[in-house]
Amino acid sequence: MDVELGHPMPFIEEEETEPPSVSAPRVTDTGHATATDTFTNPIANLFDGHRQLLEGDFWRYIPAYRGVDQATFLDHHWQSQHAVTRVDKLATALGDLLPNAFFRDVEAGMARAPMSLRISPYIVSLIDWRDPYSDPLRKQFLPLASEQLADHPMVGFDSLHERSDSPVPGLVHRYPDKALFLALDLCPVYCRFCTRSYSVGVDTEGVSKYHLRAKPERWEVAFEYIREHEQLEDIVISGGDVHNLRADQIADIGNTLLDIPHVRRMRFATKAIAVAPMKFLSDDEWVNSLASVAQRGRKLGKEVVVHTHVSHPREITWITQAATRRLYGEGVTIRNQCVLLRGVNDDPTILRTLVKRLSYVNVQPYYVYQHDLVPGVEDLRTSLGTTLAIEKQVRGSTAGFNTPTFVVDAPGGGGKRDVHSFEHYNRTTGVSVYRSPNVDESAVYLYFDPIEFLPEEGRRRWADPDEHATMISEAVRAAGHDPASLPRGWGASQRRRLPVM
Ligand SMILES: *Cc1c(COP(=O)(O)O)cnc(C)c1O
Ligand code: SF4
């Protein structure tokens, strides 16, 4: 699509140091091993590009933000108040930058989307609106009906079985010594691909959510469970996003957990560093509250860190750098976990730049996730073969401690597994088989590549519902397990966690 913009775009790193993604050596997402052979032509400037952060008042090319000065744009209240939550508001903010057909495409996409719409002005101003169809930031937050694909037959809400692994509402206890505390169900933005779309955000046309509100009474039940389970040393405080907790709530949660003797580590999870970094520059009360918890933890010999979620190098600007510098200065470690997303970061050049740019701004790349089997976002999933090939290109490009581990969060509640640790991977049917002995010694877990990328034979077999159970049996048998006595009907149902014989 060709949209004429009256103003020059300020994306220096895209224009000058990184080639447009169309000519970059992309992974051919066929799911075949040969994908690795397509990267032999590394891009010039690859290792310099990560230091060139977007500078200046880059938001001013958006018609609605033309008159917004720096102090206003850096105000976290202003960012929240001006978050775009409706398509017509987006159209107004963008003025005449885009034709109506684009907004109709978004409206139609929203009607089938599991997540509600919410985009911060910071992100709106980082989208290259000259070509929103291929823009990696647009793809994460704005669905287009013209891009949507049918879900894989094995896709389902809460594919990680978080609710069945929750002894009390909003506390997922799956691993022996760590638990996931879902403190709230609100975020500064809503990501299309959220794995917790069963809960996070406001209800959408198709989905009435399992809400986990920020309620001290509910939290206390979770804290009591943690107190009673001495094996729990590590608590992830997530949701939702702790960005949306008040400063006093951050202090209450942090100090309550620090007071539990066996809790040694905690991480506050927020996407704000990627989508609203001004939170760390203008909400002093909130930052000081977080920093006090971290400093109190340090005195007690306990680790309090921030985990964030940056997907693309363009999300990191001079504002991000100022934000991470402040946290780093307060002694708070920041780690990043992101999802490998088709058309966003499923490209070794982009992912290498992301890893190096994160390291450059004091953020440790921790995980890159295989996209979960969640509904409504099939157009964003990649195959396991793509992930394996990209990992090979990223490892070795920088320090090992800044090299993320690529994981698949095993559907059915197996937890995070190194993508390479599959027991079996059939690139024709796209079925991979994992085990997770620390979670359940007696189960196998299955992941399914997007059907679109499978060779003809695999696509044909998935088109026939009678073949589904057969393909799964084949994979389980090839992984060395006997599928004969598996419960009847498991293949065609939505079960992805199977007992091992
Ligand atoms: C991801 C996750 C954790 C933390 O796992 P790490 O591998 O330590 O990052 C804990 N509990 C649940 C349920 C999780 O999904
Ligand atoms: S910020 Fe995290 S929890 Fe919130 S919508 Fe995005 S992925 Fe989901």
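All values below were derived from every heavy atom in this structure, side-chain atoms included, with hydrogens, water molecules and symmetry-related copies excluded. Order of appearance sets the numbers: ligands from 1, and atoms from 1 within every ligand. Owing to the predicted nature of the structure, the values given are computational and were not obtained by experimental measurement.
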Worked verdict on Ile390 versus Leu340 for side-chain contact (heavy atoms from CB on, under 4.5 Å): CA-CA 10 Å; Ile390 292 177; Leu340 200 68; 4.1 Å; yes

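Judged by distance alone, the side chains of Asn336 and Thr308 never bring a donor and an acceptor atom under 3.5 Å apart. Donor-acceptor pairing under 3.5 Å is lacking for the side chains of Ser289 and Ser292. For the residue pair Asp203/His211, the side-chain donor-acceptor check at 3.5 Å is satisfied. Side chains of Asp418 and His420: a donor-acceptor N/O pair is present below 3.5 angstrom, by distance only.
Among the candidates Lys302, Arg227, Arg296, the single residue satisfying the salt bridge (charged side-chain N to carboxylate O under 4.0 Å, His left out) test with Asp259 is Arg296.
Atom 8 (Fe) of ligand 2 has Cys194 SG as protein N, O or S atoms under 2.8 Å away.
Here the two rings, on Phe193 and His309, have centers that are under 6.0 Å apart.
Put simply, the side chain of Val433 reaches to within 4.5 Å of the side chain of Leu446, judged on heavy atoms. A 4.5 Å side-chain heavy-atom check between Val275 and Phe141 finds at least one atom pair inside the cut-off.
Closer than 4.0 angstrom to ligand 1 by heavy atom are Val172, Arg174, Tyr175, Lys178, Leu180, Val236, Arg267, Tyr366, Tyr367, Lys416, sorted by chain and number.
Both tests pass for Arg163 against the ring of Tyr210: distance under 6.0 Å to the centre and angle within 45° of the axis.
Atom 2 (Fe) of ligand 2 has its closest protein heavy atom at His309 ND1, 4.3 Å.
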